[in-house]
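The chains referred to below are lettered A, B, ... by the order of the sequence lines, with proteins before strands, and numbering in each begins at 1. We use all heavy atoms of the structure for the numbers below, so side chains are in, but hydrogens, waters and symmetry mates are not.
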Amino acid sequence: MKRSKLSVFLSDYLDRQPLFKDKLSLQSNYTPENIPHREEQIEELARILAPSLRMHKPSNVFIYGKSGTGKTCVSQYVVKEIFEACKKNKVSVNYYYLNCKLKKVADTEYRLIAQLARGFGQTVPATGLPTDEIYKLFIESVDNKKQLLILILDEIDQLVNKVGDGILYNLTRLNSELKNSQISIIGISNDLMFTDNLDPRVKSSLSEEELVFPPYNALQLQDILRERSRIAFAEGVIKEGVIEKCAAYAAREHGDARRALELLRVAGELTERSNVSEISIEYIDSAENKIEKDRVLDIIRTQPKQFQITLYSILKYNGNGKSIFTGDIYEDYLKMCGDVGLKPLTQRRVSDIVAELDMLGLINAKVISKGRYGRTRQISLAVPSMTLPKIKDILKEGLGL
DNA sequence: AGGTATTCACATGAAACTATTCTCTGAGTTAGG
DNA sequence: TAACTCAGAGAATAGTTTCATGTGAATACCTGT
């Protein structure tokens with residue numbers, strides 16, 4: 001009697017007290033109305049942006065800080081407040097938030113400007129037009145009335161790394177093209193050294209003001225977690241010490257609040273799934289494992305075939321404890337391409353692929369010199385060995401082996 | 001022994017190429033008046 | 001004659017290839033003692 005079993009399960013599920021009250025508040029895109037331990041930065045940013053209330057162009061701001069230190073959160077919060085205040089006072093201020101890392105949305109100059117133009121009601125094709133045409137469209141749509149525009153560009157370091165700093169130069173120059181409107185830019189960067197290798201002209205005009213967000217320490221993380229968990233979880237489902245442990249884990253990782261919240265959320269999900277009514281410390285460990293495992297498996301699954309073959313070659317060598325070098329991998333890669341029926345890439349490209357796999361954290365690839373015997377990368381796997389069989393399965397499936 | 005020069009096996013960079021997707025334009029075609 | 005179709009030119013973009021140059025240290029080769 002499968003059916004009754006299932007219905008028992010379902011009604012059981014409904015009878016049980018839910019752990020979560022509002023799970024959304026643990027998701028990374030949630031903006032809380034209260035941001036603990038960032039009062040200073042909020043105040044500073046507000047002070048910088050305040051001239052906009054009088055319709056004066058605020059300075060451009062640059063915000064630095066490691067991931068999960070509340071940069072996005074704070075800037076969105078402050079700008080939104082300013083926007084509301086301006087609306088109340090009938091001051092024509094507008095803002096637009098854009099994450100420059102989003103694939104296919106804002107990760108090139110063309111797409112960034114196109115996305116902005118779209119934000120102001122233009123219909124812009126995804127490709128086909130020259131870039132300066134897009135600039136014209138954007139300027140047109142912004143300049144049709146007198147207004148102040150605050151652009152929040154999140155993770156611009158990624159964009160500039162990819163397409164160069166010309167785009168920032170164009171952006172700062174935009175103001176001279178505008179007759180009625182003015183644009184202020186808030187640039188957000190994870191990379192603390194970002195402006196160091198920037199064109200000095202861009203640097204001086206873009207970072208008129210700078211804000212640094214230090215990482216949270218464990219105690220601050222606890223406050224954040226407690227605050228959120230009050231919204232997210234039902235009363236009393238979190239056992240003693242859970243929050244502290246979450247905070248400690250995340251503090252170890254340069255104080256990333258996002259990680260801490262994710263950890264708590266996944267721990268909650270695991271607890272719920274195993275039919276337990278209280279989140280205990282053990283679940284945090286399994287949550288951490290699960291997050292890491294999911295991340296790795298997901299990355300591997302979504303890689304192109306060429307990457308998968310390369311990784312598979314590395315995997316095959318890994319067992320015997322010998323060090324592996326690019327040359328070995330490439331040889332094996334060629335063979336595998338024959339087996340799978342794919343046209344092999346050049347060694348140049350495979351070398352880049354290995355470097356990218358390293359960036360993704362799937363392998364460790366260190367460039368070493370073997371003296372007389374050349375220079376190469378020393379490669380080893382960087383995934384926990386317990387996930388290896390699963391990875392093999394995914395790769396075999398992806399490659400049709 | 002100590003110092004310098006070679007040399008290997010790739011790494012790293014830059015530019016050019018390929019293929020795909022998409023717009024715009026203008027010539028040619030069609031249908032209706 | 002206005003509306004429509006369709007090919008061709010140009011752009012953006014991602015993924016590669018081609019060509020060129022760089023590089024760290026184990027060895028080979030000197031050199032003077």
Straight-line distance of A:E244 CD to A:L219 CG, nearest 0.5 Å: 9.5 Å

How many Å lie between [atom1] on [X] and [atom2] on [N], as a whole number?
X	N	atom1	atom2	result
A:K370	B:dA11	NZ	C1'	13 Å
A:I353	B:dA11	CD1	C1'	15 Å
A:I368	B:dT12	CD1	P	13 Å
A:R348	B:dA15	CZ	P	14 Å

Side chains of A:S67 and A:N190, donor plus acceptor under 3.5 Å: no

For [X], which contact category applies under a 4.0 Å heavy-atom criterion: base, sugar-phosphate, or nothing?
X	result
A:D132	nothing
A:Q347	sugar-phosphate
A:K103	nothing

Test item: A:S11 side-chain N/O and A:V8 main-chain N/O as donor-acceptor pair under 3.5 Å: yes

With 3.5 Å as the limit, what N/O pairs link the protein to nucleotides 20-22 of chain B?
none

Evaluation steps, side-chain hydrogen bond (donor to acceptor under 3.5 Å, both in side chains), between A:T326 and A:S351: CA-CA 7 Å; A:T326 310; A:S351 168; 5.9 Å; no

For chain A, the stretch of DNA chain C it reaches, first to last nucleotide, under 4.0 Å of its heavy atoms: C:dG10 to C:dA28

Within-4.5 Å side-chain heavy-atom neighbours: A:I379 and A:Y317: no

Which residues share a side-chain contact (heavy atoms from CB on, under 4.5 Å) with A:T387, sequence neighbours left out: A:K293, A:V383, A:P384, A:I391

B:dA11 phosphate, OP1 or OP2, under 4.0 Å from A:R377 side-chain N/O: yes

Side-chain N or O of A:R349 closer than 4.0 Å to phosphate OP1/OP2 of B:dA11: no

Between A:F62 and A:Y64, ring centroids under 6.0 Å: yes

Heavy atoms from other residues, nucleotides or ligands near CD of A:E397 exceed 12 (cutoff 6.0 Å): no

Salt bridge flag under 4.0 Å for residues A:K290 and A:E269: no

